[in-house]
Amino acid sequence: MKYKFFGANALLGISLTVAGSLLVLPNLADAEKVQSPSQPGVFDTAAAEKAAAVGQAPISEAANELYGAAQQDPHTGYAGLTISAENHGYTLSWKGAVPQAISDLIENHRTKGIQVTVRASRYTFKELDDRARAILESDAKIGGAPVTAVGASSDGNSLDIGIDVSSLPVGNRIPDDRASIDSISKSLAGGVPVNITDEAPGVSISSRYDYYGNWTGGQVIRIGSAVCTSGFSVMSSTQHKTYMLTAQHCGKKGAKVTNHSGSVTIGKVIDESEDFDSLLIEVEPWHRALDYIQTGYGVGLPVASRTETVTGVGRTFLGERLCASGSLLGEVCGAKVVSVSKWIKMESGAVRHVDTVEQVAGRFVAGAGDSGGPVYAYSVSGGVSARGILSTASSPTKCKNPLPGGARTRLGCSERVHVTNIYEQLSQHSKSVGNLGALRVHNFDK
């Protein structure tokens, strides 16, 4: 099944069947010969971005600690949280009185040098999130154009609604006058204030290809005619088997998964989730998926890939800087979270919960072939904390990898991509398969 995104959101997988003809992948090792560094300044940029990601770790971990505490109350007043690496702190939005336990945790973070701001909100995140999904599933239109995405604002005071501007009837435009906005708020959002934006028309992302007997996140995999990237490895608490995640648009339940050339079978897809763009792959018993991810450069670029241990999982927060590691473009850090938990609509009618990141340094985050690749934050204690996997690209274009040696033209590159949430993926697969128990992406040896 092929999907067309409303808005500029492209799936990040390479499908080798185009218009009925089969495209044969070149030998990646020959097609992407290692070249001597021709852009030495880019090494400095990449190093600075990664250093910033590591330096942000204490703030990210404090934010996750607060989020976890806030969710202990089923009627939590939590409305949103924004990270500011520049100010070494976070801003918490909250509806109603802040509980003493949350206040105590905030003070504890302040004693550690983290700057914390608390602001009042009209709505909780759950109130806005529930209404956002209902609006999207209603197939609403604004000015004749379909609503393509809806999400809670970061301050908990309104809804951000995206429409496909390219579908506006001739002469129409995005409503921006007060009367129109108030009318939309009343008729569509039940009186909740709204912000209307253009959600550009859209596309799925489909190599580190070396095989060492064990599999990690960030390697090239093939599912039928699609070439994608392995996401985080997964361990079942009851089956004591290892699995891998990748993007759902790369294949179907029951499909065989191989290495890039098709010469080695990795495993079989045993579950799929369209809502969270996720496939669960059971790895063959003579292989093992390890709780590591590939970092460093992509296929054919100088300097071999490195590996990092996955040491935990965390939520994604507005303003946070994350790293992505698709097999094609390799590790790219400095991708800033610009929206969280937004519902976007697919042509099939399915809706998807996504976080959106944008490369503020002007480099591409991912391209075709990077679908399913891990997205993560660096941890205080070392290793990385899983956030999700690469799903869709916004306004994709052809590009050359910006790192030295990256002369080969890539398809579907984008500075802005959607990421699906690791918690939602693990929870969904655990429920769907039924006998896996709690799935985890770290501490496989415990």
Donor + acceptor pair across side chains of [X], [Y] (<3.5 Å):
X: D271; Y: S432; answer: yes
X: H109; Y: Y90; answer: yes
X: S273; Y: Q425; answer: no
X: T216; Y: Q294; answer: yes
X: E272; Y: Q248; answer: yes
X: S121; Y: R119; answer: no

Test item: [X] and [Y] side chains (from C-beta on) under 4.5 Å apart, heavy atoms:
X: E308; Y: Y378; answer: yes
X: F232; Y: D291; answer: no
X: Q428; Y: S278; answer: no
X: S379; Y: E61; answer: yes
X: R288; Y: W215; answer: no
X: S327; Y: Q219; answer: no
X: L426; Y: R440; answer: no
X: W94; Y: P99; answer: yes

- Item | Identified side-chain contact (heavy atoms from CB on, under 4.5 Å) counterpart of L245 within the set I422, L279, L439 | I422
- Query: Given R352, which of L136, T392, D275 fulfils the side-chain contact (heavy atoms from CB on, under 4.5 Å) condition?
  - Reply: T392
- Message: Once rounded to the nearest 0.5 Å, what's the spacing between atom CZ of R315 and atom CZ of R387?
- Response: 10.5 Å
- Query: In Å, rounded to the nearest 0.5 Å, how long is the span from CZ of F317 to CG of N64?
  - Reply: 4.5 Å
Of all heavy-atom pairs between [X] and [Y], which one has the smallest distance, and what is that distance?
X: V441; Y: A386; value: CG2-CB, 4.0 Å
X: V54; Y: P58; value: O-CD, 4.2 Å
X: S230; Y: P374; value: O-CD, 3.5 Å
X: L81; Y: A63; value: CD2-CB, 3.7 Å

- Query: Taking it one step at a time, do L436 and Y243 satisfy side chain to side chain contact (heavy atoms under 4.5 Å, CB included)?
  - Reply: CA-CA 11 Å; L436 299 178; Y243 305 80; 3.3 Å; yes
Please set out all donor-acceptor pairs under 3.5 angstrom arising from side-chain atoms of residues 184-191, sequence neighbours excluded.
{"residue": "S185", "atom": "OG", "partner": "G191", "partner atom": "O", "Å": "3.3"}
{"residue": "S185", "atom": "OG", "partner": "V192", "partner atom": "O", "Å": "2.7"}
{"residue": "S187", "atom": "OG", "partner": "S183", "partner atom": "O", "Å": "2.9"}

- Task: List the steps and the verdict of side chain to side chain contact (heavy atoms under 4.5 Å, CB included) for I142 and V147.
- Result: CA-CA 7 Å; I142 294 177; V147 172; 4.0 Å; yes
- Start with the C-alpha distance between D164 and T148, add both sets of side-chain angles, then the distance that settles side-chain hydrogen bond (donor to acceptor under 3.5 Å, both in side chains), and finish with yes or no. CA-CA 6 Å; D164 181 5; T148 58; over 6 Å; no
- Task: For T197 and D160, run side chain to side chain contact (heavy atoms under 4.5 Å, CB included): C-alpha distance rounded to whole Å, both residues' side-chain angles, the deciding distance at 0.1 Å, then the answer.
- Result: CA-CA 7 Å; T197 60; D160 295 327; 5.7 Å; no
- Item | Single hit among N421, D355, T420, D277 for side-chain hydrogen bond (donor to acceptor under 3.5 Å, both in side chains) with S391 | D277
- Message: With a sphere of 6.0 Å drawn around OH of Y78, does it hold more than 12 non-hydrogen atoms of other residues, nucleotides or ligands?
- Response: yes
